[in-house]
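Quick notes on the structure that follows.
Chain letters run A, B, ... following the sequence lines, proteins first, then strands; residues in each count from 1.
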Number of protein chains: 2
Amino acid sequence: MIDAAGLRVMKAIADEGSFTAAASSLGFTQPAISQMVRRLEQKTGTALVDRMGRQVRLTEAGEVLARHAVTVLSALDAAEEEVAAIAGLRSGRVRLMAFPSSSASLVPQALALLKRRFPEVTVRFSEGEPPESLAALRAGECDLAVAFAYEGTDVGRGEDLDAFVIRPLLDDEVRLALPVDHPLANSDVVDLSRAADEPWIAGCPRCRGHLVSLAYRAGFAPNVAFESEDYVAVLGLVRAGLGVSLVPDLILNSAPHEGIETRSLSPSSRRQIHAVTTEDLLRVPAVAATMEALEASAAAMRPVSTLRTP
Amino acid sequence: MIDAAGLRVMKAIADEGSFTAAASSLGFTQPAISQMVRRLEQKTGTALVDRMGRQVRLTEAGEVLARHAVTVLSALDAAEEEVAAIAGLRSGRVRLMAFPSSSASLVPQALALLKRRFPEVTVRFSEGEPPESLAALRAGECDLAVAFAYEGTDVGRGEDLDAFVIRPLLDDEVRLALPVDHPLANSDVVDLSRAADEPWIAGCPRCRGHLVSLAYRAGFAPNVAFESEDYVAVLGLVRAGLGVSLVPDLILNSAPHEGIETRSLSPSSRRQIHAVTTEDLLRVPAVAATMEALEASAAAMRPVSTLRTP
DNA sequence: GATGAGTATAAGCGGAAGTTATCGATGTGA
DNA sequence: TCACATCGATAACTTCCGCTTATACTCATC
């Protein structure tokens, strides 16, 4: 019923002492104030000002409104300022979810960049493989997901990707990891079928699926001797000579890999790393800034013009 | 910039979980909410809701607004309720100023009546002779004045009475007060000139002025032996035989006057008692109620059809 | 009594904000 | 799997609130 504008007017009258002064202090004309007060008076059902000749004075009810005006207006200001801080990147929180093997290099770099640019933006980071992270995004539990998709597949299987904004970040080569002394290590590019009889070490479920699919196309079914979600463990197993593995190049930039050789595959295989969010969330400045930081970090990491836009 | 309506909408969305539900809870249609949110978003410069498919969720900035909405809206409600209490006579304060000789009878009765009708209305009462009370009214220091004017004069001399609302309350006969054994006490009506040689006891300055003026018209200049603003003292002096006095009838209803006789004057003299306020203040319910209580008490006090409307 | 300062009122206008109608997208249930 | 129900977005229209301009009126002051 009664609104902030009315309170603002009453307060201006109380402060300035006349309708005319109140009007100019609010950037209105005098009749506007006159009408506003009249409207307020008939809404509240009592006189708010006492017009004694040419000087106006607030009545008790008028004083009440002027007094409450301070509370209401300052609460409004506080709300406005808080939102303005979020809009102006002087505040804000981003919930980021990334798959584990990105946490070591791409994400830390991006977050460092973001922190440098917008120190006040806080990021809550959690790890999650693409299916989980997209589900979290859909459920409103995170704002931005870093996910990957093997060449020829989609980021999320069975998800409607139309609802998401998907930005390519990196094009990550999948390489064959071998112990240093492995016989296959003597050629630069290894045909996958030559490793048909090797024991295999698989990564995460999707990575295992990718291996199986590649092997199928190369004409064999891989003998998966071990599997681990942790690429450090995978590389350890390879180093120990317990098998070979398919490892994204990005891993090798961050995990220690002495005692391990990697070779390009033929046919080559790649995975695309994407940042995923929604159209609305991209309009949240902190989310957009994080997205940009991810894109900038990715651009700095990859060799020039390696990225294939899907 | 941002107003209470916007906050109310954000809060409704937060509470109801959808635009449609928020709309019906606020009594609007769904497009109204849709547009409202869009306006808010372009005013604040950030996304406030995340439209994931057909479910909407608030963003951080949206949550901020919904959170502040509680503060702002409850402050607005508080203001409204406080004013409504004043308008509904469940609260309110009246500053009443009355001349001393009315304080004993008319005013107490009126205030008792007011208290009976509206127990929550508080009255701050102070005494003041007409010139002061009108000045206080003009200065905004009181809301309602009980003043008197001797027949043929105005309530305030030199004041512009147009600014005031003046309501007649009582028509008070001015009587001659004598010691019981005074020779003039043997006739019902006393011609003022017969008291020309008496020593006089005068009341307040205006009353003394009235005495002088009446005496002048009766052909003598009164010998004022004593004067006192306190009518109890005046009556005491009369009782002690130190002189005679002109005393309004109203006084005799409230002050003890054993040992004193009063007689009507010829030519008769009266004073009018009025309640004075401003047009605006009369629209303040508590002031109007006090005014009515005064009028009701006055009506109860006077003999039927004694009041002369000026 | 003229002037200046202040408020009230009338008339008019613009735009803000609501409504209806409709579309597109998204789950849901037969 | 297709139809249906639900929800949000959009467009077009309309209404009416609230501001401005213009003017009258009141009241102090010189």
Side-chain angles (χ1 to χ4, degrees), chain A residues 1-10 12-13 16-43 47-59 62 135 138-140 158-164 278-280 283, chain B residues 1-10 12-13 16-43 47-59 62 135 138-140 156 158-165 278-280 283:
Chain A
M1 176 185 175
I2 196 172
D3 62 339
L7 294 188
R8 184 171 285 118
V9 166
M10 290 310 294
I13 294 172
E16 306 289 336
S18 81
F19 283 19
T20 303
S24 78
S25 101
L26 293 177
F28 291 141
T29 57
Q30 169 267 315
I33 304 297
S34 214
Q35 297 171 42
M36 188 83 199
V37 171
R38 187 176 47 189
R39 280 195 299 271
L40 271 178
E41 287 185 332
Q42 57 200 33
K43 271 197 281 193
L48 299 176
V49 302
D50 183 17
R51 293 103 165 148
M52 270 298 312
R54 82 193 218 182
Q55 74 177 314
V56 293
R57 252 189 311 273
L58 298 192
T59 64
R138 182 175 301 279
E159 302 266 354
D160 358 310
L161 301 173
D162 314 9
F164 294 126
T278 69
E279 209 165 318
D280 281 324
R283 284 167 42 227
Chain B
M1 176 186 178
I2 196 171
D3 62 339
L7 293 188
R8 184 171 285 118
V9 166
M10 291 307 296
I13 294 172
E16 306 289 336
S18 80
F19 283 21
T20 304
S24 78
S25 104
L26 294 177
F28 290 142
T29 57
Q30 170 266 316
I33 304 296
S34 215
Q35 298 173 50
M36 190 84 196
V37 171
R38 189 175 47 188
R39 281 196 298 271
L40 271 179
E41 287 186 331
Q42 59 198 30
K43 271 198 281 195
L48 298 177
V49 302
D50 183 17
R51 292 104 165 148
M52 267 300 311
R54 83 195 219 177
Q55 74 178 316
V56 293
R57 253 191 310 273
L58 298 192
T59 65
R138 182 176 302 277
E159 303 266 354
D160 359 308
L161 301 173
D162 314 9
F164 295 126
V165 173
T278 70
E279 209 164 318
D280 281 324
R283 284 169 40 230

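- Rounded to an integer number of Å, the gap from B:M52 CE to C:dA25 P is 15 Å.
- Rotation axes derived from the C1' atoms of the five outermost pairs at either end of the helix from C:dG1-D:dC30 to C:dA30-D:dT1 lie 20° apart, to the nearest 10°.
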Please write out each protein N/O paired with an N/O of nucleotides 3-6 of chain D under 3.5 Å, distance rounded to 0.1 Å.
| from | atom 1 | to | atom 2 | distance (Å) |
| --- | --- | --- | --- | --- |
| D:dT6 | O2 | B:R54 | NH1 | 3.0 |

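- Rounded to an integer number of Å, the gap from CD of B:E41 to C1' of D:dA9 is 12 Å.
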* Could you run down nucleotides 13-24 of chain C 5' to 3' and tag each one B, S or - for protein heavy-atom contact under 4.0 Å? -> ----SBBBB---
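- Rounded to whole Å, the distance from CG on A:L40 to C1' on D:dG18 is 13 Å.
- Residues passing the salt bridge (charged side-chain N to carboxylate O under 4.0 Å, His left out) test with A:R283, sequence neighbours excluded: A:D280, B:E41.
- By the 4.5 Å heavy-atom criterion applied to side chains, A:D3 and B:D3 are not counted as neighbours.
- Remark: P of D:dC19 and CZ of A:F19 are 14 Å apart, rounded to the nearest angstrom.
- When the P atom of C:dG27 is taken as reference, atom CD of B:Q55 falls 8 Å away, rounded to whole Å.
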Contacts table for residues 20-37 of chain A: side-chain donor-acceptor under 3.5 angstrom, sequence neighbours left out:
| from | atom 1 | to | atom 2 | distance (Å) |
| --- | --- | --- | --- | --- |
| A:S24 | OG | A:A21 | O | 3.2 |
| A:S25 | OG | A:A22 | O | 3.2 |

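- A close approach under 4.0 Å does occur between a side-chain nitrogen or oxygen of B:S34 and OP1 or OP2 of D:dA9.
- As a whole-Å value, the separation of A:R57 CZ from C:dG6 P is 16 Å.
- At whole-Å resolution of the value, CG in A:D280 and P in C:dA25 are 16 Å apart.
- Across all non-hydrogen atoms, the minimal contact from B:M1 to B:K43 is CE-O, 2.9 Å.
- Considering only residues two or more places apart in sequence or on other chains, A:T59 meets the side chain to side chain donor-acceptor pair (under 3.5 Å) condition with none of them.
- Phosphate contact (OP1/OP2 of C:dT26, side-chain N/O of B:R51, threshold under 4.0 Å): absent.
- Of all heavy-atom pairs between A:Q55 and B:R138, the closest is NE2-O, 4.3 Å.
- In this structure, CG of B:L58 is placed 12 Å from P of D:dG8, rounded to the nearest angstrom.
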